[in-house]
J.: 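Would you mind keeping the following structure in view while I ask a few things?
This one's a predicted model, so the numbers in the text were calculated from it and none came from an experiment. Scope of the values below: all heavy atoms of this structure, side chains included, with no hydrogens, waters or symmetry mates.
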Amino acid sequence: MVILRDSSTGPTVGVLALQGDFREHLRAFERLGVRAQAVRRAAELDAVDALVIPGGESTAMDKLITAFDLREPLQARLAEGMPAYGSCAGMVLLADTLVEPQHYLDGTTQQTLGGIDMAVRRNAFGRQVDSFEEDIDFAGLGDAGESERVRAVFIRAPWVESVGSGVEVLARASDGSGERADRIVAVRSGNRLATSFHPEVTGSGRIHQLFVRMMTGDA
């Protein structure tokens, strides 16, 4: 269970706000009545109980994390056990292993923050033109932990190629190939959650609510 900074007011969720659709995540938590704030600096990271890494461009986020001197603070908080949720590019950044990472022109290679024992392939479902929506079964959303159907929006989405023994697969989606079609698109590891898709754009709030319950030890 997360140790809250101020237990009288409930948890504060930080949303990494360097690039991507962080505003949509902030609004999703606000609709749930959960305090949320943008995180761009180490001091702002210190003030939150959990972190969401939004969708966007994972390579741009990687470079900006370095530019804003956030890599070591982020990795330190994750090592301490901070709850975290990554959607799309956020899933890429939370992966311990990145399959075929991007190689930059300066000779460096794309890095992740780590935190979930999984291997992720970025842009696995294709380019922007290949974006799609699909109804999928998502485990653990019901009051008794049962699966529920959710509308999933995939935009240049990654998928998970493999997971470690402590990682639970929550959802799969078809890649349309007819071979190995059930790709892993949502996982949980303790108080860490990652999805290939963007629940923040559908207005449902159920996956954000699941993450809040994970933060407080209720799921």
J.: Could you walk me through whether I116 and V187 satisfy the side-chain contact (heavy atoms from CB on, under 4.5 Å) test, starting with their C-alpha distance in whole Å, then the side-chain angles of each, then the deciding distance to 0.1 Å, before giving a yes or no?
T.: CA-CA 9 Å; I116 298 179; V187 299; 4.3 Å; yes
J.: A side-chain contact here means heavy atoms from C-beta on lying under 4.5 Å apart; do H198 and D21 qualify?
T.: yes
J.: Can you name the nearest heavy-atom pair linking A171 to D137, along with the distance?
T.: CB-O, 3.4 Å
J.: Looking only at heavy atoms, which two atoms of P199 and I207 are closest? And how far apart?
T.: CB-CD1, 3.9 Å
J.: Would you kindly say whether T202 and R151 are connected by a side-chain donor-acceptor distance under 3.5 Å?
T.: no
J.: With a 4.5 Å cut-off on side-chain heavy atoms, are T195 and V185 touching?
T.: no
J.: So among Q110, M61, R121, which one has a side-chain contact (heavy atoms from CB on, under 4.5 Å) with V92?
T.: Q110
J.: Which is it for L74 and L51 under the side-chain contact (heavy atoms from CB on, under 4.5 Å) test, yes or no, and what are the steps along the way?
T.: CA-CA 9 Å; L74 284 166; L51 185 73; 3.4 Å; yes
J.: In Å, rounded to the nearest 0.5 Å, how long is the span from CZ of R122 to OG of S196?
T.: 13.5 Å
J.: Within a strict 4.5 Å, meaning less than it, do heavy atoms of the Q37 and T12 side chains meet?
T.: yes
J.: Using atom types as modelled and distance alone, determine if a side-chain donor or acceptor of N191 lies under 3.5 Å from a backbone N or O of G81.
T.: yes
J.: Checking R41 now: which residues fulfil salt bridge (charged side-chain N to carboxylate O under 4.0 Å, His left out) with it, not counting sequence neighbours?
T.: none
J.: What pair of heavy atoms forms the shortest contact from M215 to P83, and how long is it?
T.: CG-CB, 3.9 Å
J.: Assign the ring pair F125 / F154 to parallel, tilted or perpendicular, where the plane angle (0 to 90°) is split at 30° and 60°.
T.: tilted
J.: Does the pair K63/E57 count as a salt bridge with the N-to-O cut at 4.0 Å?
T.: no
J.: Tell me whether R40 contacts the main-chain N or O of L45 through its side chain, where contact means a donor paired with an acceptor under 3.5 Å.
T.: no
J.: If you measure only the distance, is there a donor-acceptor pair under 3.5 Å linking the side chains of S87 and H25?
T.: yes
J.: After noting the C-alpha distance and the side-chain angles of V13 and V48, does the key distance pass the side-chain contact (heavy atoms from CB on, under 4.5 Å) rule?
T.: CA-CA 6 Å; V13 180; V48 301; over 6 Å; no
J.: Does any part of the side chain of L26, heavy atoms only, come nearer than 4.5 Å to the side chain of V52, both counted from C-beta?
T.: no
J.: Looking only at heavy atoms, which two atoms of W159 and A124 are closest? And how far apart?
T.: CD2-CB, 3.3 Å
J.: Looking at every heavy atom in both L94 and G86, which two are closest together, and how far apart are they?
T.: CD1-N, 3.5 Å
J.: Under the criterion salt bridge (charged side-chain N to carboxylate O under 4.0 Å, His left out), I'd like the reasoning laid out for E30 against R27: C-alpha separation, chi angles, the key distance, then a yes or no.
T.: CA-CA 5 Å; E30 289 165 1; R27 285 194 288 266; over 6 Å; no
J.: How many angstroms lie between atom CZ of R213 and atom CG of L193, to the nearest 0.5 angstrom?
T.: 11.5 Å
J.: Let me confirm one number: the CG-CD distance from L70 to E44, rounded to the nearest 0.5 Å.
T.: 8.5 Å
J.: So do the side chains of C88 and I155 get within less than 4.5 Å of each other, counting heavy atoms only?
T.: no
J.: Could you report the tightest heavy-atom contact between R172 and D182, atom names first, then the distance?
T.: NH1-O, 3.3 Å
J.: Would R188 and E168 pass as an ion pair if we require N to O under 4.0 Å?
T.: no
J.: How far apart are the C-alpha atoms of F132 and F197, what are their side-chain angles, what is the distance that settles it, and do they pass the side-chain contact (heavy atoms from CB on, under 4.5 Å) test?
T.: CA-CA 10 Å; F132 66 99; F197 53 92; over 6 Å; no
J.: For residues M91 and V99: do they belong to one hydrophobic cluster (side chain heavy atoms under 4.5 Å, members Ile, Leu, Val, Met, Phe, Trp, Tyr)?
T.: no
J.: Are side-chain heavy atoms of V160 and V169 found at a separation under 4.5 Å?
T.: no
J.: Using modelled atom types only, decide if a donor and an acceptor are shared between the side chain of D96 and the backbone of G115 within a distance under 3.5 Å.
T.: yes
J.: Can you check side-chain hydrogen bond (donor to acceptor under 3.5 Å, both in side chains) on T59 and Y104, steps first, answer last?
T.: CA-CA 9 Å; T59 54; Y104 302 136; 5.0 Å; no
J.: Just by distance, with hydrogens left out, do S174 and E134 show a side-chain donor and acceptor under 3.5 Å apart?
T.: no
J.: Atom OH in Y85, atom NE2 in H208: separation rounded to 0.5 Å?
T.: 5.5 Å
J.: Are the side chains of T97 and V120 in touch, meaning some heavy atoms are under 4.5 Å apart?
T.: no
J.: Residues in side chain to side chain donor-acceptor pair (under 3.5 Å) with R23, at least two apart?
T.: none
J.: Is there a side-chain contact between I184 and M118, using heavy atoms and a 4.5 Å cut-off?
T.: no
J.: To the nearest 0.5 Å, tell me how far L98 CG sits from T109 OG1.
T.: 10.0 Å
J.: Would you confirm whether R149, through its side chain, and D135, through its main-chain N or O, come within 3.5 Å as a donor-acceptor pair?
T.: yes
J.: About how many Å separate CE of M82 and CZ of R192, when rounded to the nearest 0.5 Å?
T.: 7.0 Å
